[in-house]
Every structure is written in structure tokens, then in C-alpha cells.
*Asks:* 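Mind having a look at this structure? Questions to follow.
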Amino acid sequence: MSENVVHLHKPTDPPTDPAAPTVLTVVPDTPPAPPVPLWVRSGRAVKTAVTHETTKTTARAVARHSLYTFNGGRIVARRTWDGKTGARYERMIRTAEAAGNLEAAEEWEERLQRFRAARHHRRMDLLHSPVEAAKGIAVGTGVSIGVLVALGVVMAINNHDVTDVITPLKATIEFIALLIRIVQVVWGPALTIGPFLALLALWTVGSKQQAAPQWALPANVRNGEGEPITPSIVVKALRDLGVPALRNAIKEMGDAGASMLGPIRIAGCGVEVDVTLPSGVATNEVQAKRRKLAENLTRHEHEVFITIPEAARTVRLWIADSGALDEPIGPSPLVIDETMTANYKTGKAPWGQDLRGDAAAISLYQRHLLVTGLSNQGKTAALRALALWLALDRNVEFWIADLKGIGDWAVFEGIAKMLIEGPADDHCIQATEMVEDAVEEMNWRIEAQRRDPSVVFPPLIVLVDEAQKAFMCPAKGEDKRPYGGSKATSRYFMAVREIHNQGRAVDVLMWQGTQDPTDQNLPKLVREGAHTRASLVVGTESQAEMALGAKAVNAGAAPHLLRQGLDKGTLVVASDGIDIPAGQSSITVRTHFIDDEPAAEIAARAKALRDGVATLRAVDRGEERDALADVAAVLGDAPRLRTNEVLKRLHALDPGTYGDQWTNDRLKSLLEEHGEEPKKSHGVMVVHRDHVLRALANRDAEGSASAAE
């Protein structure tokens, strides 16, 4: 069955009837566009020619060289005027008065008086000079003629010819006539060429001074590429800084504003200059305008550093060459020199280069260390570079807790006696207990040194990387004391404080690396206990003060002005262990980066220097051992043993507890606490079994008496 199809859409084209006649539609051609008037085409051509880059370059060149000549004439005229008058001295007097330096003003006034007196003397001499000059010419002429005639007489006698008497005089007259003819020939061209030579001389003066507007200078100068730092550029940059008192003082100084500047010295990949500010201008006003000053000097902000030396009202500017700070500084000497060794007491670690390009080495002897900054800016690399150098001293011991736990410190396996790696709370707890063990070690050393001042201990470096995790750890111990925090009950905080207070005396040192410092993750008492404080880029000025201290920041230290991501490994360091320029409280160091592979090679060299170190991966906080009972146990049935043998057996019994820190002195102190001590037998120190058993009995008796009370 067929169905009718109903179309819902109406056809847009009408149905075509095959029988209908074909209708042709004629579409006319598009009329041609009207011709562009001649004046419009001429205007476009002129505009194109005028705005073309070649035209602009040519116009700049013409304007530049014309202004070089014109302004060169102004410079020469000014110099001539200064040489003939006392204008220079008057400007110097105004400069000294504007700067508040009255002594310099008086000195320049005395020089002005001497100049005026000498000028007056010369002018008075001009009144008598015509007569004296005429007398001199007459006498000179007569003497010359007499000499020539005498010479002619000698020639006549020699030649037997009387006419030779006037021969020298005649030759002189002919020579003078020749000179007159030469002048007559040259005089015309000289009058024509002379003005051009004079203009060339003026152009030379103007080009050397870059005496043209900024827009007319070459592109490389306008963009600041390679522009040298000159006194005039520095003065202009200071004048346009936006400090009214400074601008007015420079205007009063005239062209002598450069008198504020000390000598511009080459300093590494830049230059350095001291600026003595005029009266009424504070150093912090210039420090606060660092970005504007840098841009006035055609530099980026990170290429200008402002510090405060010891001299009053003085700022020290270090201005880098354009782009120089973006160049790498090269590999560490630890990587290049495979024979390098370290000395904890007398050596210095090669850490990097300062802004001058000089090697920056730092002493680590008895100095607690704090390195901080934002995440992923090179903190761990900077800290590890120091530890790798110090590991080359075989006497140095390391206890390390890496609370990041991604393997940055894995190369210290076999070097560190303790290595904790991981970001969890359990790892923070282990790090805290490690630091507490270091406190016990420190206290034992202090007691041993009190008994024997001549005793020497191996340096112990207690290193916690990502220490902010330990400070922020929320866990609590069985005694309800928190592991983290910054209160007197905080275990990590108090342990670090104790090491800061007394550790350096017995070479137990605390090194910490932390990021994004705040009062919560880096308490004030802890950060101020570090002798060496270094900061990578941080977010704010207040964080810079936390990292380095207010004194260093007020004196110009500015880690908060470093560029995040671009200035990786660049540290601002405040320490007496590194050479800092006189008058400064900090120094900026670009550290060497040691990658994992070369770090492993350096660690291998450090392991080769050691007898073999068994690295513990966790702190054993199980049941504390009874040292006196263990001594009795290792003695066994032997009536006596040498103290060295007792120590060996103790180490075999529990290496973690009886490690290298157990010495003859510590064993002696243990027995003395209970009324006994090692005795000598045939000149050798021994431990008697009876003495140890008696000490155990005495201790048990004391414990029973205390319990009865």
C-alpha cells in the first residue's frame, strides 16, 4: 500500500516545468573603481617614505652628527670659559655647600683666591710686556746678525774671499723669503680647510661625550646594550630618582654633581662606585628606589645592588654589565680537582663566586648554619655542596635527616653515621630524636672536657634538610610533649636551642635548611642562633629579615629582590666565615651547582678516606641499655680486661649505642659515677670484674635506699 509523503518544509525554488520557455538573466559587470586622486597617492607615497626605517635611521644619523658638532662647540666653549675664569671653583664651592661639607668649601674658596691673585699678576705683567718684548726682539735681532757676520768672517778668512762675509746673512734672508712664499701658497687652502678641521674637532669632542638626545643615539646605546657607566650617567640617574632633596642639591652643584662620586672601579662583571649623598638625603631613600635607579642606568633591577658601607651618608652601587648575571659561573672546584681535600679547622669550602667574579669560600669551623629560601631555588644543592667538601675531612662525622626524602642526600650512605630520609611524621619524629641524641653527645663531651681540658673530639655535623617539617610536626610523645612547635615544651625546638647554646664549644654543630621562613616554621630564637645565615630568593622583605636579620637587610641585603626561578643558587650570605667587603654586612654569592652524578663521585672519594661507616637508617628508641650491666656482661668470667678490649666488645654488643663516641674517658666516667674506676696493671689500663660487680651492687643499694625513702 502506498503512502502520501507530506513535506513539512516549503521548497524555496519553484517547481520547474519542462515545457516552460528558458528565461536568460543578464547580470551587468561590476563598475570599475574610481581612480585614486593624485594628491592621495602622493600623500601615501610621502608617508611611506617618511615612516620608512631607512628614513628614520638617516634622520637620526643627521641629527646626531649635527648635534655632536653643535654640543661639542658648547663643551669646548665651557672648558675654555672654565680655564679663563673662576667658574669651576665657584661650582665646587656650591657643591660642597650643598653637600654640607664646609671644610671642602673653604678649601675651594682658598684655591679661587689663589687663582684670582695669579690672574691679576699675569694681567699686570701685560702692561710691561710690550716694552720688554720690543727690547727682546731688538737684542735678539742684533745678536743674530752679529753671529751671522762673525760666521761670515770666519768663512772669508778660510776661503780667502771677502764676499763670504755676507754669505750667512744672505742665506738667512733667502730662507726667510722661502718661508714667506710657502705661507703664501698654503694660506689660501688653509683658510678653506681650517673651518672643516675645526668642525671635525668639535664633532670628535661631542661624539666622545655622546652629546645628543637619547632618540638620536644609535640603537645599541638607546637600548642600554654595552653602555659604559660614566660619572655623568650615574649623576643623571641619581638626579632623576624622584628624591626632591637629591635633585635640588645636584642642580645647585651644576656640572660638578660628579663630585659626589668616588672612583668608578671595575668589580668582576660590573663596576662599583661609592656615592656620598648631600645633606638632607638619607641612604634608605636611595635603597627604596632600586628599580628606578637601575632603569635610569639602563639596567634591570637585579643588575644593580645597593649596600651601605661604613662611611656616613654613603651608598655603594654595584652595577653589572648587561646580561652578565645570566651567564653560568662554571663547575665547582670539587668536581674539577680530584685531589682536593678539606680541613674542618683551617680550610674554606669553595662555595661559588661573588658578584666581582672572585672565588667565594666559607669557613665552617664551629659555626652553626642556616640556609633558607623559597622552594626549588637551590637550597639543598647549596647545603649539600658544603657537606660534600667537609666530607673530604675524614675526621668529620655526619648525622643527616632529609625530610624531603627524594634521594638528594643518598650519596652520604657510607659517610653519615645516621641518615633519615622521608617526609612523614615518623621521619620528623626520628629527626627530633636524632637531634636529642646529639644533645646527649654534646653534654657528655662537655663533661669529659671539664674533667680533661686537653681532650679533643671529632667534629659532629647534625644536618636537617627541610627543617620546617620538624617545626610543624603535630605529633606528641608519650609524655604529651609535642615534637614540633616553638614553645619550651617543643622537643625539636628545645634540642636545637641547646645545641646552638653550647654545641660549638665541643664541635657539635647544627646545620638546617628550610624554605619559605615564617615565625611558625622557623622560630626567632632558632634562626638567630646560627652563626652563618644564607638566603636564596624569598617573597617579602620581612622574610628577608627572618633569614638574615634586620641589620643585614637594613644595610642593603635584599634576597627578596632576587628573581624566582632565574636566580637559582644565588645566595645572600651574612657570616664572619666569608670575606665580606669592608663596611658591608652581607655578600651575594652565586653558588656552584653539583649535580647528582659528580656528587656521587665526590662522595666516593670521601668514602675512600674513611675506614668504613655503617649508616643507620633510623634512630633506635627502644629500651635504653644499662651500660654498667653491659660492661659486666662483656667481661664475662674474665677477672679483668683491657679497656680497649671492653670497648670493642661493647661495640660488638650494640654498635648503635656503643659507637665511636664511646672512648676510654667515657668508660672511666661511667665507673667513677658509681665509686669505681679502671686501674693500671703492668702499665696498661684495665677494668676489673670485681670492681664492676661492686659498682652494680652499690647502684642497686642506692636505688633500694631511694625507694625506701
*Asks:* Please determine whether a side-chain nitrogen of the Lys or Arg among Lys524 and Glu528 lies less than 4.0 Å from a carboxylate oxygen of the Asp or Glu.
*Replies:* yes
*Asks:* How many angstroms lie between CG in Leu383 and OG1 in Thr514, if you round to the nearest 0.5 Å?
*Replies:* 11.0 Å
*Asks:* Evaluate the side-chain proximity of Phe70 to Leu202: yes if any heavy-atom separation is below 4.5 Å, no if none is.
*Replies:* no
*Asks:* Run the salt bridge (charged side-chain N to carboxylate O under 4.0 Å, His left out) check on Lys289 and Asp240 step by step: do they pass?
*Replies:* CA-CA 11 Å; Lys289 302 279 189 177; Asp240 299 335; over 6 Å; no
*Asks:* To the nearest 0.5 Å, what is the distance between CZ (Arg533) and CZ (Arg367)?
*Replies:* 15.0 Å
*Asks:* Does the pair Arg111/Glu107 count as a salt bridge with the N-to-O cut at 4.0 Å?
*Replies:* yes
*Asks:* How many angstroms lie between CE in Met340 and CG in Leu392, if you round to the nearest 0.5 Å?
*Replies:* 8.5 Å
*Asks:* For Val526 and Val496, work out which heavy atoms get closest and say how close.
*Replies:* CG1-CG1, 3.9 Å
*Asks:* For residues Pro517 and Val538, determine if any side-chain heavy atom of one lies less than 4.5 Å from a side-chain heavy atom of the other.
*Replies:* yes
*Asks:* Between Asp516 and Lys379, is there a salt bridge with N-O shorter than 4.0 Å?
*Replies:* no
*Asks:* Heavy-atom distance under 4.5 Å between the side chains of Leu571 and Gln377, does that happen here?
*Replies:* no
*Asks:* Please step through side chain to side chain contact (heavy atoms under 4.5 Å, CB included) for the pair Leu238 and Val235, ending with a clear verdict.
*Replies:* CA-CA 5 Å; Leu238 293 169; Val235 171; 5.6 Å; no
*Asks:* From Leu548 CG over to Ser535 OG, what is the distance, rounded to the nearest 0.5 angstrom?
*Replies:* 5.0 Å
*Asks:* Could you grab the distance from atom OG1 of Thr307 to atom CH2 of Trp318, nearest 0.5 Å is fine?
*Replies:* 11.5 Å
*Asks:* I need the minimum non-hydrogen distance between Asn376 and Lys568, along with the two atoms involved.
*Replies:* O-CE, 3.1 Å
*Asks:* Between Phe593 and Val335, is any pair of side-chain heavy atoms under 4.5 Å apart?
*Replies:* no
*Asks:* Does Lys292 have any side chain to side chain contact (heavy atoms under 4.5 Å, CB included) partners at least two apart in sequence or in another chain, and if so, which?
*Replies:* Leu241, Asn296
*Asks:* With a 4.0 Å cut-off on N to O distance, would you call Asp354 and Arg590 a salt bridge?
*Replies:* no
*Asks:* Which atoms form the tightest heavy-atom contact between Thr518 and Asn521, and what is the distance?
*Replies:* N-OD1, 2.8 Å
*Asks:* Within the distance-only criterion (no hydrogens, no angle test), does the side chain of Gln468 pair as donor or acceptor with the backbone N or O of Gln515 below 3.5 angstrom?
*Replies:* yes
*Asks:* Would you tell me whether Gln366 and Asp507 have side-chain atoms, one donor and one acceptor, within less than 3.5 Å of each other?
*Replies:* yes
*Asks:* Should the heavy atoms of other residues, nucleotides or ligands under 6.0 Å from NE2 of His65 be counted, would the total exceed 12?
*Replies:* yes
*Asks:* Evaluate the criterion side chain to side chain contact (heavy atoms under 4.5 Å, CB included) for residue pair Asn554 and Asn284; output intermediate values, then yes/no.
*Replies:* CA-CA 8 Å; Asn554 292 337; Asn284 61 347; over 6 Å; no
*Asks:* Report yes if some heavy atom in the side chain of Thr204 is under 4.5 Å from a heavy atom in the side chain of Tyr68; otherwise report no.
*Replies:* no
*Asks:* Between His592 and Ile329, what is the shortest heavy-atom contact and its length?
*Replies:* ND1-CD1, 3.7 Å
*Asks:* Among Val537, Leu562, Leu561, whose side-chain contact (heavy atoms from CB on, under 4.5 Å) with Asp567 holds?
*Replies:* Leu562
*Asks:* Can you tell me if CZ on Arg291 sees more than 12 non-hydrogen neighbours from other groups inside 6.0 Å?
*Replies:* no
*Asks:* Atom CZ of residue position Arg119 - does it have more than 12 heavy atoms of other residues, nucleotides or ligands inside 6.0 Å?
*Replies:* yes
*Asks:* If you measure only the distance, is there a donor-acceptor pair under 3.5 Å linking the side chains of Thr314 and Asp274?
*Replies:* no
*Asks:* I want to check a possible cation-pi pair here: Arg504 against Tyr365, using under 6.0 Å from ring centre and within 45° of the ring axis as the test.
*Replies:* no
*Asks:* Testing the basics here: between Ala534 and Val573, what is the closest heavy-atom pair and its distance to 0.1 Å?
*Replies:* CB-CG2, 4.1 Å
*Asks:* So, does Asn71 use its side chain to make a donor-acceptor pair with the main chain of Leu67 at under 3.5 Å?
*Replies:* yes
*Asks:* Would you say the side-chain atoms of Arg316 pair up with the backbone N or O of Ile308, donor to acceptor, closer than 3.5 Å?
*Replies:* no
*Asks:* Measure the shortest side-chain to side-chain distance between Arg239 and Ile250 over non-hydrogen atoms and say whether it is less than 4.5 angstrom.
*Replies:* yes
*Asks:* Are the side chains of Val396 and Asp393 in contact, using a 4.5 Å heavy-atom criterion?
*Replies:* yes
*Asks:* Let me see the working for Thr591 and Thr570 under side chain to side chain contact (heavy atoms under 4.5 Å, CB included), right down to the final yes or no.
*Replies:* CA-CA 6 Å; Thr591 58; Thr570 299; over 6 Å; no
*Asks:* Is the shortest side-chain N to carboxylate O distance from Asp579 to Lys348 below 4.0 Å?
*Replies:* yes
*Asks:* Using the six-membered ring wherever Trp is involved, compare the ring planes of His531 and His368 and label them parallel, tilted or perpendicular (cut-offs 30° and 60°).
*Replies:* parallel
*Asks:* Is any side-chain heavy atom of Ile499 closer than 4.5 Å to a side-chain heavy atom of Asn501?
*Replies:* no
*Asks:* To check you understand the geometry: which heavy-atom pair defines the closest contact between Arg299 and Ala320, and what is its length?
*Replies:* NE-O, 2.7 Å
*Asks:* Under 6.0 Å from the CD1 atom of Ile266, do we count more than 12 heavy atoms belonging to anything else shown?
*Replies:* no
*Asks:* Quick one: NZ on Lys551 to CD on Glu545, what's the gap to the nearest 0.5 Å?
*Replies:* 14.0 Å
*Asks:* Donor-acceptor pair, Asp595 side chain versus Glu597 backbone, under 3.5 Å?
*Replies:* no
*Asks:* Given side chain to side chain contact (heavy atoms under 4.5 Å, CB included), test Leu293 with Arg290 step by step and report yes or no.
*Replies:* CA-CA 5 Å; Leu293 178 61; Arg290 176 183 172 185; 5.8 Å; no
*Asks:* Taking Trp351 for its side chain and Val589 for its backbone only, find out whether a donor-acceptor pair lies under 3.5 Å.
*Replies:* no
